[in-house]
Every structure is written in structure tokens, then in C-alpha cells.
*Asks:* 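Got a structure for you, written out below as C-alpha cells; questions coming shortly.
Owing to the predicted nature of the structure, the values given are computational and were not obtained by experimental measurement.
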Amino acid sequence: MRYVIAFVLLAAPAHAWQFSATPICTLTHETSEVAVKVTYDPRVPEYAIALTRNTPWPVFPVFAMQFDGPRGLTISTNRHTLNDGTLTVTDRGFGNVLNGLEFNETALAMTGDEAIAIPLTGAATAVQAFRACASGATV
């Protein structure tokens with residue numbers, strides 16, 4: 001029985017927050033409901049967050065993220081785009097998004113009547129590496 005449990009645990013996908021500096025600064029995380037990808041491209045320079053799910057996001061004029069935890073906040077925009085199952089927001093500044101991801105426990109991505117919870121456990125270290133990358137510091 002122990003071998004079966006070990007095999008199942010090893011076969012399960014990793015759900016940790018991940019950082020990569022190549023080819024551009026990238027922060028990723030996946031749950032069973034959504035894949036999160038935050039990028040910073042210094043050539044533009046522009047930040048982006050892309051939230052991809054298996055079903056399309058509802059078309060709605062406002063997208064919001066509510067961060068719950070010690071430094072909770074809610075941010076919203078009407079400048080998001082929808083492409084199949086991906087909702088994307090771009091901007092030249094992402095301080096509130098990065099603060100929300102780094103200093104809280106849960107993010108709630110909301111559009112229309114739908115909301116998806118994103119656990120932020122373990123995000124802080126990856127967000128700090130992402131910030132250093134975006135600032136041009138060596139990571």
C-alpha cells in the first residue's frame with residue numbers, strides 16, 4: 001500500500017509557485033481550475049497576468065482580483081482581454097498585483113458571476129525572485 005501512495009504522490013502535478021528568469025521574468029502557478037502566469041518583458045517594458053482555464057471566462061466589462069490575508073486588497077480593471085479560456089491584463093506597473101500575491105493567503109479572480117480561488121501558499125519567495133528579475137537585479 002505504501003508503494004501505491006508513493007506512486008500517486010510522485011505522479012501528481014506540482015502545484016508550487018515557480019519563478020523563471022528566461023526568456024523573460026515569469027511567475028507561474030497551477031491549480032485544478034486555473035493556470036496563472038505573470039510575466040515582465042523589459043523590452044516593452046510591460047507586466048502581464050494571464051489566467052487560463054478549461055472553459056471560457058464570462059464576457060464582463062470588469063475583472064477584479066481580491067487578495068485575502070494580512071495585507072488584503074481588491075483591484076479591478078476594465079482593460080482586460082479574453083481569448084478562448086485565457087483572461088489577460090497588461091500594464092506598465094504591477095505593484096498591487098505583486099503585493100497581493102506576495103503578502104496574502106488567497107486571491108479570488110472574479111468576472112461576472114464567476115470567481116476562482118487561487119491559493120498563495122508558497123508564493124512569497126517566487127514573487128521576491130520575480131521582483132528582483134523585473135528590477136534588473138541578479139537572481
*Asks:* Working to the nearest 0.5 angstrom, can you tell me the gap between Leu87 CG and Ile116 CD1?
*Replies:* 9.5 Å

*Asks:* Does the side chain of Asn99 come within less than 4.5 Å of Arg131's, by heavy atoms?
*Replies:*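 The answer is yes; the side chains approach within 4.5 Å.
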
*Asks:* Does Phe67 form a side chain to side chain contact (heavy atoms under 4.5 Å, CB included) with Ile75? I'd like the steps, not just the answer.
*Replies:* CA-CA 8 Å; Phe67 297 97; Ile75 56 178; 3.8 Å; yes

*Asks:* Grab the two heavy atoms, one from Ala50 and one from Thr86, that are nearest each other, plus how far apart they are.
*Replies:*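 Ala50 and Thr86 have their closest heavy atoms at CB-CG2, 3.9 Å.
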
*Asks:* Looking only at non-hydrogen atoms, find the nearest pair between Trp17 and Leu120 and report the distance.
*Replies:* CZ2-CD2, 3.6 Å

*Asks:* Could you walk me through whether Phe63 and Leu51 pass the side chain to side chain contact (heavy atoms under 4.5 Å, CB included) check?
*Replies:* CA-CA 11 Å; Phe63 168 70; Leu51 304 167; 3.4 Å; yes

*Asks:* What are the two closest heavy atoms between Glu33 and Arg53, and how far apart are they?
*Replies:*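 Residues Glu33 and Arg53, closest heavy atoms: O-CB, 3.2 Å.
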
*Asks:* Could you grab the distance from atom CZ of Arg71 to atom CG of Asn96, nearest 0.5 Å is fine?
*Replies:* 10.0 Å

*Asks:* Leu73 and Leu98: same hydrophobic cluster, using ILVMFWY side-chain contacts below 4.5 Å?
*Replies:*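 Hydrophobic grouping puts Leu73 with Leu98.
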
*Asks:* Give me the ring orientation class for Phe94 and Tyr47: parallel if the planes are under 30° apart, tilted from 30 to 60°, perpendicular past 60°.
*Replies:*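 Phe94 vs Tyr47 ring planes: parallel.
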
*Asks:* Donor-acceptor pair, Arg79 side chain versus Val89 backbone, under 3.5 Å?
*Replies:*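 Absent.
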
*Asks:* Provide the closest heavy-atom pair for Glu105 versus Pro70 in the form atom of the first, atom of the second, distance.
*Replies:* OE2-CD, 4.0 Å

*Asks:* Are the side chains of Glu102 and Gln128 in touch, meaning some heavy atoms are under 4.5 Å apart?
*Replies:*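 Counting from C-beta outward, Glu102 and Gln128 do come under 4.5 Å.
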
*Asks:* Taking side chain as C-beta onward, heavy atoms only, is Pro61 less than 4.5 Å from Asn78?
*Replies:*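 No, side chains not in contact.
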
*Asks:* Is any side-chain heavy atom of Ile24 closer than 4.5 Å to one of Arg43?
*Replies:*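 They are in side-chain contact.
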
*Asks:* Please test Asp91 against Thr77 for side chain to side chain contact (heavy atoms under 4.5 Å, CB included), starting from the C-alpha separation and ending with a verdict.
*Replies:* CA-CA 10 Å; Asp91 202 339; Thr77 184; over 6 Å; no

*Asks:* Which value, rounded to the nearest 0.5 Å, describes the distance between Asp84 atom CG and Thr55 atom OG1?
*Replies:*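 Reported to 0.5 Å precision, the distance equals 11.5 Å.
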
*Asks:* What are the two closest non-hydrogen atoms of Pro119 and Thr31, and how far apart are they?
*Replies:* CD-CG2, 3.8 Å

*Asks:* What's the separation between atom NZ in Lys37 and atom OG1 in Thr88, rounded to the nearest 0.5 Å?
*Replies:*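 Here the rounded value is 10.0 Å.
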
*Asks:* If you measure from CD1 on Ile118 to OG1 on Thr106, what distance do you get to the nearest 0.5 Å?
*Replies:* 9.5 Å

*Asks:* Show your reasoning for whether side chain to side chain contact (heavy atoms under 4.5 Å, CB included) applies to Asn104 and Asp68.
*Replies:* CA-CA 6 Å; Asn104 291 291; Asp68 295 316; 5.9 Å; no

*Asks:* Can you give me the closest heavy-atom contact between Phe19 and Cys133, atom names plus distance?
*Replies:*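 Phe19 and Cys133 have their closest heavy atoms at CZ-CB, 3.6 Å.
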
*Asks:* How long is the straight-line distance from CG of Asp41 back to OG1 of Thr90, given to the nearest 0.5 Å?
*Replies:*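 These two atoms lie 11.5 Å from each other.
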
*Asks:* Can you check whether Ile49 reaches Met65 side chain to side chain, under 4.5 Å on heavy atoms?
*Replies:* yes

